Structure formats: structure tokens, C-alpha cells
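Counting starts at 1 for both ligands and their atoms, following the listed order. Keep in mind it's a predicted model, so treat the numbers as computed, not measured.
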Amino acid sequence: MSKLILDSSNPVDPGQVVWRSPSNIALIKYWGKHGVQLPRNPSLSLTLASSCTDTMLQYAPRETPDDGQVELDFFFHEEENESFRAKTLEFLNSLAPTMPFLRQLKLTVRTGNSFPHSAGIASSASGMSALALCLCSLEDKLFGTLRDADAFDQKASVLARLGSGSACRSIFPYAAVWGATQYVQGSSDEFAVPVGDQIHDMFHDFHDDILIVSREEKSVSSRAGHALMEGNPYAEPRYAQARARMGTLLEAMKGGDLATFGKIVEDEALTLHALMMCSNPSYTLMRPASLAIIEKVHQYRADTGNPVYFTLDAGPNVHLLYPGEIITDVRKFIDDHLVQHCEDGYVQQDWVGEGPEEM
Ligand code: DP6
């Protein structure tokens with residue numbers, strides 16, 4: 001592989017690259033990791049559309065002598081943000097040994113989300129994938145090393161993974177699998193692969209309405225939660241369960257079997273939260289309102305037969321998943337019965353999307 005070092009006798013013209021990248025919602029959850037951001041089990045997600053991050057990466061020749069650190073300015077919604085800058089700097093510094101040009105430039109990141117920062121929606125998947133895509137565009141502009149679209153996406157997925165595991169799945173349209181599994185050819189622990197063309201068309205028109213139960217910062221971060229899996233007595237059977245489920249879920253998604261899909265997806269969400277409850281120390285991220293919504297979803301399904309299913313991330317907010325053809329009924333159900341459980345009545349309407357866009 002080329003060394004990706006700039007020729008100092010030939011200064012780079014200042015420029016910029018811009019990407020918009022979406023969040024994703026895991027159906028089979030990544031929970032537990034080892035080594036350098038490698039997953040303990042394969043995961044599968046739907047790529048979302050409306051919850052996204054726009055990131056601009058500006059570059060120019062470095063202004064200060066190389067002190068072993070990347071030179072970085074960081075703006076979040078136009079304002080300097082020291083805590084985001086520090087996290088991004090740590091990430092860029094960790095990439096510099098294999099991407100030494102990062103230290104030869106002055107970099108400015110300008111980023112912002114399509115959803116309110118305080119909405120309680122995690123932005124690490126959209127944020128890290130947008131930044132990873134910008135870094136790949138920059139590498140390609142400077143060295144022409146990522147002309148091939150598949151090579152570009154794969155490297156973007158690797159870099160996103162190093163920033164935040166779940167972010168590596170946001171690179172691809174419709175749906176992606178991260179983690180080596182016998183059920184997906186070419187799958188890997190190092191990067192996600194697209195599986196959107198292997199699932200029924202109905203999943204290309206699928207909705208995810210995110211019921212914001214609480215906007216508060218989580219009491220236990222995902223990073224800490226992953227770490228607690230190392231001492232969890234149910235860790236090994238959990239990983240085995242996820243590996244086996246990948247086959248069943250993909251089969252159900254290929255055939256458009258919503259009943260099997262829903263059963264696995266809901267069980268994955270509850271298993272994730274059960275793992276938190278039996279970690280040491282144990283913790284709960286669901287709130288009473290999360291449970292109230294879950295029970296109403298069960299009842300609604302029993303009453304109407306409509307295929308509406310819930311899932312949860314590592315937090316209290318409930319994602320409602322359903323096919324586009326029943327959107328009118330479901331939105332009425334949300335307005336009449338679920339909005340009352342949401343903080344300030346906030347619902348982030350999202351749907352399956354076509355993946356990141358270069359702007
Ligand atoms: C519950 O990707 O946020 O959302 O790799 O430490 O950044 P880090 O963790 P993160 O974990 C997400 C966990 C999850 C399930 C999932 O998205 O698969």
C-alpha cells in the first residue's frame with residue numbers, strides 16, 4: 001500500500017469535502033466488542049434517512065510545526081465545541097500512523113445534525129460515518145487511491161467502525177451487516193457490507209418513528225455497556241444467539257415474512273436491555289414510559305393485526321418499525337396513544353433510506 005504522505009515540496013491547494021450520512025437502526029444488535037473495535041457477534045441494521053449528520057472537512061497546508069498531533073478546528077452547528085473537538089482529535093490521531101497526510105494538513109471539521117442535539121437520538125453512527133466518508137474523499141483527492149467505489153465504501157466503513165462500531169453500517173443503502181457470518185458472503189468483522197439487494201422490497205419502504213421518551217444523556221454510555229459484557233455470565237450464549245439469528249432474520253427479510261421479522265427484532269431489543277440489567281453493576285436504560293409504549297404496541301397488534309414492531313437502542317427511546325403501506329393507521333395510533341409518553345410529545349419520523357450522499 002502507498003504511504004499516503006504528501007510531497008512537502010508541492011503544497012496542497014486548500015479545499016473541502018462534504019458528506020451527509022444517516023443514522024441506522026440495528027435489528028440484530030452489536031453489544032460486546034474486543035480488540036480494536038471488533039464485534040463479538042454479527043449485527044444487521046436498516047439505514048435511515050431523516051436522522052443524519054452533515055459534515056464538511058476543510059483542509060489546507062499545516063500552519064504550525066508537526067508536534068505529533070493532527071491540527072484541528074471543530075465547529076458543531078457553527079460553534080466551536082471543545083468536547084467534540086477532543087474526541088475527533090483522538091480519533092484522527094489514531095488514524096495518522098496509516099494516514100500520515102492527516103498530520104501534514106490543517107483540518108477544520110464543520111458538522112451538524114438534522115435532529116435537535118437534545119433529542120436523545122444518538123449521533124455517533126451518522127457523525128462518525130460522515131467524517132469517515134470525508135476522510136476517504138480527502139484521501140482520494142490527494143492520492144487517487146479510492147477511485148473504485150467498492151474500495152471507497154469499504155475503507156469508509158473501516159474508518160467509521162474505528163470511530164464508533166455501529167457507524168460502519170451507515171455507509172450502505174437500505175440495510176447492512178457488520179461482522180463475519182456464514183449467511184452473508186464477503187462479510188467481515190472489519191467493515192460492514194450491503195445487504196439491501198438481498199431483502200424483500202417492502203423493507204426499502206419501511207418506517208422507523210422514534211418515540212423520544214427522554215432527552216436526557218444516558219447514565220451508562222455504549223462504550224461502558226460494551227465493556228460490561230466482558231464479565232456478563234450470559235455473554236457467550238448471547239453471542240451464539242445473535243450468530244444463529246442472523247440466518248433466520250435474513251431468511252425472513254428475503255421472503256417478506258413480517259411475523260418472524262417482528263419476533264426476532266423485538267426479542268433482540270429486550271435481550272439487549274436484559275443484558276444491561278444483568279451486567280455487574282446492573283443498570284436500566286428503559287423508563288416506565290418505554291414499557292408503557294411496548295405494552296400498547298403489543299395490544300395494538302393484537303387488536304388490529306397491523307405489523308408494527310418495536311426496537312430499542314441503548315437508551316429509553318422506542319423505535320416503531322412498520323411497512324409504508326400502513327403509515328396512516330400507525331401515525332393515528334401514535335398520535336392517539338403514544339405521543340403522551342414522549343418528552344414534549346417529540347417523535348422523530350424516519351424511514352429506510354439510500355445511504356450517504358456527497359454534497
Ligand atoms: C445498542 O456503536 O454506539 O446501538 O462502538 O462503543 O461506539 P461504540 O458503540 P456503539 O454501540 C451501539 C450499540 C447498539 C446496537 C447497535 O447499533 O448494533
Side-chain angles (χ1 to χ4, degrees), residues 21-48 51 53 84 87-88 90-91 94 113 120-132 157-172 175-181 184 187 189-193 195 208 210 217-230 232 235 238-239 241-243 245-246 249 264-277 279 283-286 290 310-319 321 350 352:
S21 189
S23 185
N24 67 77
I25 179 67
L27 305 177
I28 293 185
K29 307 291 182 184
Y30 146 57
W31 200 240
K33 59 177 164 178
H34 66 105
V36 185
Q37 290 279 98
L38 297 169
R40 289 287 187 194
N41 64 261
S43 56
L44 184 157
S45 59
L46 295 174
T47 302
L48 297 177
S51 311
T53 299
F84 287 174
K87 278 188 203 150
T88 307
E90 189 187 336
F91 173 58
S94 77
N113 298 330
I121 297 175
S123 59
S124 70
S126 55
M128 276 301 168
S129 55
L131 180 59
S157 186
V158 168
L159 298 183
R161 178 198 110 230
L162 294 171
S164 176
S166 56
C168 74
R169 298 181 309 233
S170 281
I171 303 297
F172 302 99
V177 163
W178 169 37
T181 165
V184 179
S187 57
D189 285 354
E190 312 267 336
F191 48 84
V193 294
V195 294
D208 176 7
I210 311 168
E217 185 106 2
K218 302 184 270 200
S219 55
V220 179
S221 69
S222 286
R223 184 187 284 201
H226 286 290
L228 286 173
M229 280 300 281
E230 292 307 299
N232 191 306
R238 157 60 194 161
Y239 303 143
Q241 175 190 53
R243 286 178 201 124
R245 273 183 169 165
M246 184 60 78
L249 182 63
I264 294 178
V265 165
E266 291 191 346
D267 193 86
E268 275 292 304
L270 295 177
T271 299
L272 170 70
H273 284 259
L275 289 164
M276 296 172 188
M277 290 185 210
S279 290
Y283 61 107
T284 51
L285 295 182
M286 269 198 258
S290 322
F310 68 84
T311 187
L312 305 154
D313 261 342
N317 302 327
V318 183
H319 293 241
L321 300 171
D350 215 330
V352 170

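The shortest N or O to N or O distance between W31 and ligand 1 is not under 3.5 Å. For the pair S166 and ligand 1, the shortest N or O to N or O distance falls below 3.5 Å. The N/O atoms of A167, backbone and side chain alike, include none that comes under 3.5 Å of an N/O atom in ligand 1. Backbone and side-chain nitrogen or oxygen atoms of K29 are examined, and none is located within less than 3.5 angstrom of a nitrogen or oxygen of ligand 1.
Per-residue contacts place D313 under 4.0 angstrom from the following atoms of ligand 1 (heavy atoms of the residue considered): 4 (O). With ligand atoms numbered from 1 in the order given, ligand 1 contributes 16 (C), 17 (O), 18 (O) to contacts under 4.0 Å with heavy atoms of R169. Atoms of ligand 1 lying under 4.0 Å from at least one heavy atom of A26, given by number and element, are 16 (C), 17 (O), 18 (O).
Between K33 and E230, none of the side-chain N atoms (NZ, or NE/NH1/NH2) sits under 4.0 Å from a carboxylate O, so this pair counts as no salt bridge. Looking at D189 and R161, no side-chain N of the basic residue comes within less than 4.0 Å of a carboxylate O on the acidic one, giving no salt bridge.
Residue contact check for ligand 1: M128 places no non-hydrogen atom closer than 4.0 Å to it.
Scanning both residues, N232 and S279, for their nearest heavy atoms gives ND2-OG, 3.6 Å. Closest of all the heavy-atom pairs between A176 and R169 is CB-O, 3.5 Å.
Here F191 and W178 keep their ring centres 6.0 angstrom or further from each other.
No donor-acceptor pair closer than 3.5 Å links the side chain of S170 to the backbone N or O of S166.
Of all the heavy atoms of M276, none lies under 4.0 Å from any atom of ligand 1, so neither backbone nor side chain is involved. If you look at N24 next to ligand 1, there are no close heavy atoms at all, none under 4.0 Å.
S126 and S23 are not linked by any side-chain donor-acceptor pair at a separation below 3.5 angstrom, with hydrogens and angles left out of the test.
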